[in-house]
Amino acid sequence: MNVADSELVEGLLQNQGYSPSQSLETADVIFVNTCSIREHAEEKVHSQLGRYHLIKKRKPEVLIGVLGCMAQSLKDDILENKPFVDIVLGPDSYRKLPEFLNRKQTIRNNQVDTKLSKFEVYDDLFPSRREGINAWISIMRGCDKFCTFCIVPFTRGRERSRSVEGIVREAKQALDEGFVEITLLGQNVNSYSHEGNDFHDLLEAVAKVHGIKRIRYTSPHPQDMTDPLLDVMASHQNICNSIHLPLQSGSDHVLKRMNRTYGKSHFIDLAQRIREKLPRVGISTDIIVGFPGETEKDFLETIDVMKTLRFDSAFQFKYSPRRGTKASEYEDQVPEKEKQSRLAEIIELQKLHTLERNETFVGSVEPVLVEKESKRSTTQWAGRTDSNKWVIFDKGNTSLKEIVPVEIKEAKGVSLHGKCIKKSEAA
Ligand code: SAH
Ligand code: SF4
């Protein structure tokens with residue numbers, strides 16, 4: 001989401017005649033686009049700001065800006081303690097950027113706008129994307145779900161969706177710029193709703209744009225996974241056979257306190273229904289351990305769901321209390337040591353499951369989109385299956401952005417190794 005927002009900001013800056021600088025040292029303006037989701041993300045921003053402060057001391061004319069989710073919470077701290085920050089803009093205020101930059105040349109006070117909007121979706125702004133394979137397209141902003149651990153509803157405000165036409169227009173533009181894959185983005189993509197169109201209507205409209213090789217989306221909420229959505233996925237070859245389905249916890253007691261609006265058995269049934277409708281689908285998830293009040297028994301329920309479903313991959317986190325959220329006020333916080341050991345345990349378990357799921361691909365031929373050179377060797381490509389697994393294979397006569405058939409030979413670590421069986425052009 002932040003990459004997509006940064007591209008939006010870069011587009012705005014380019015319209016003002018700015019261009020990317022080669023290094024921080026030579027920049028006239030420096031922005032940090034911030035994330036508040038966990039404490040670790042915020043710590044990184046503080047250390048970046050420390051670096052920028054040093055630059056400002058050497059070069060007082062450089063303008064420094066803080067954008068995004070931390071703008072709101074940092075606002076007072078910045079005004080009081082960080083006078084070297086010139087501009088503070090929340091996620092709904094990026095349009096103010098040109099005005100602030102122009103004004104800043106005459107006024108030396110900090111300029112701040114962290115108001116959240118019920119309407120801003122930046123439908124008419126085009127992001128500036130670096131050349132690549134995948135174009136992120138933001139389809140909705142904000143979140144109304146208010147999970148008790150999550151800061152997003154506070155930092156990004158109310159849910160609102162862009163028009164289908166605006167999104168399709170942006171997809172076509174990305175295609176013209178050479179992108180072959182589109183990822184539709186939102187905090188809750190499947191609560192997308194615009195003038196009677198639901199998420200599955202939008203997905204279908206994008207799937208029909210001629211020339212898009214692959215479409216992905218993230219993140220859907222389990223509560224809003226519908227049969228029509230699965231049907232649209234099943235009926236369009238260019239919609240990837242992959243779903244990110246965040247579990248968070250396997251314990252009904254914890255899920256209830258998280259305000260996740262589903263229980264353990266509902267989640268398991270849903271994942272199984274998805275696998276029935278979309279055979280060989282890749283299912284990834286998010287898991288939080290050490291949520292307040294999570295007992296050993298609750299934790300074992302999470303392990304149980306993991307063992308029952310065997311996710312293809314997972315992002316796993318220690319619960320991180322966020323100021324202003326309901327769960328941060330719960331009195332039964334779990335000790336850090338406990339969180340750490342639970343996290344280590346599920347990371348190990350997931351590694352086994354990933355390997356096990358990947359091994360079921362050995363012997364099959366998968367369509368793989370060639371995305372980049374392998375880190376290990378200049379003679380090999382790395383690309384993904386449509387179920388979102390990385391595959392490494394010899395380059396042979398294939399080129400970037402092509403979808404090629406790869407016979408999977410081995411599952412190693414978190415990736416697959418294979419052999420491209422594309423017929424040579426001459427044959
Ligand atoms: N909208 C998505 C998630 C967006 S945030 C959903 O509802 O599933 C991405 C992930 O960050 C979440 O799924 C959650 O696992 C994690 N996360 C959010 N807040 C967190 C917190 N306070 N502590 C730890 N992990 C958190
Ligand atoms: Fe946060 Fe996702 Fe819950 Fe919204 S649905 S509050 S973004 S975790």
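Atoms within each ligand, like the ligands themselves, are counted from 1 in listed order.
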Row check, Phe361 ring normal vs Arg280 NZ/CZ: under 6.0 Å, within 45°: yes
Quick one: does Arg260 get within less than 4.0 Å of ligand 1, heavy atoms only?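 Yes.
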For Phe146, is the CZ atom crowded, meaning more than 12 foreign heavy atoms sit under 6.0 Å from it? yes
Give a yes or no on whether Glu336 atom CD has more than 12 heavy-atom contacts from other residues, nucleotides or ligands under 6.0 Å away.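 Counting other residues, nucleotides and ligands, CD of Glu336 exceeds 12 neighbours.
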Would you say [X] and ligand 1 have an N/O pair spaced under 3.5 Å apart?
X	answer
Phe149	yes
Arg322	no
Tyr319	no
Ser320	yes

Give the numbers and elements of all ligand 1 atoms closer than 4.0 Å to a heavy atom of Arg38.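 Contacts of ligand 1 toward Arg38, numbered from 1: 11 (O), 16 (C), 17 (N), 23 (N), 24 (C), 25 (N), 26 (C).
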Element-labelled atoms of ligand 1 that are located less than 4.0 Å from some non-hydrogen atom of Gln187: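 Those of ligand 1 that fall under 4.0 Å from Gln187 are 1 (N), 2 (C).
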Atoms listed for atom 1 (Fe) of ligand 2 (protein only, N, O or S, under 2.8 Å, no waters) are Cys150 SG
We want to know whether Ser249 and Ser251 form a side-chain donor-acceptor pair, criterion being a heavy-atom distance below 3.5 angstrom. no
Quiz question: by atom type and distance under 3.5 Å, do the side chains of His221 and Asn188 form a donor-acceptor pair?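 No, no side-chain donor-acceptor pair sits under 3.5 Å.
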Counting C-beta onward and ignoring hydrogens, is there a side-chain heavy-atom pair between Glu39 and Arg322 closer than 4.5 Å?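 Sidechains of Arg322 and Glu39: in contact.
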May I ask you to test the Ile133-Arg384 pair for a side-chain heavy-atom distance under 4.5 Å? no
Quick test of your reading of the structure: of Ile151, Asp286, Thr148, whose heavy atom lies closest to atom 12 (C) of ligand 1? Asp286
Can you tell which of Arg260, Arg322, Met258 gets a heavy atom nearest to atom 2 (Fe) of ligand 2? Arg260
Taking the six-membered ring for Trp and the full ring for Phe, Tyr or His, determine whether the centres of Phe299 and Phe291 are under 6.0 Å apart. no
Any donor-acceptor pair under 3.5 Å linking the side chain of [X] with the backbone of [Y]?
X	Y	answer
Asn358	Leu416	no
Asp269	His266	no
Lys339	Tyr319	yes

Give me the nearest non-hydrogen protein atom to [atom] as residue plus atom name, then the distance to 0.1 Å.
atom	result
atom 14 (C) of ligand 1	Gln248 OE1, 3.4 Å
atom 8 (O) of ligand 1	Pro246 CG, 2.9 Å
atom 5 (S) of ligand 1	Ile37 CD1, 3.6 Å
atom 24 (C) of ligand 1	Lys318 O, 3.3 Å

Suppose we screen for ring pair (Phe, Tyr, Trp, His ring centres under 6.0 Å). Which residues come up paired with His236, at least two apart in sequence or across chains?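 Checked His236 against ring pair (Phe, Tyr, Trp, His ring centres under 6.0 Å); zero matches.
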Check step by step if ring-ring contact (aromatic ring centres under 6.0 Å, His included) holds for Phe100 and Tyr94. CA-CA 10 Å; Phe100 275 25; Tyr94 300 145; over 10 Å; no
Taking only heavy atoms of His221, which atoms of ligand 2 are found under 4.0 Å from at least one of them?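 Checking each atom against His221, I get 5 (S).
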Arg156 near ligand 2 by a heavy-atom separation under 4.0 Å: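 For ligand 2, residue contact (heavy atoms, under 4.0 Å) with Arg156 is absent.
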Hey, can you tell me if Tyr192 and His194 have their rings parallel, tilted or perpendicular (30° and 60° cut-offs)? tilted
Report the part of Gln248 in contact with ligand 2, treating N, CA, C, O as backbone and CB onward as side chain, heavy atoms under 4.0 Å; options are side chain, backbone, both, neither.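 Under 4.0 Å from ligand 2, Gln248 contributes no heavy atoms.
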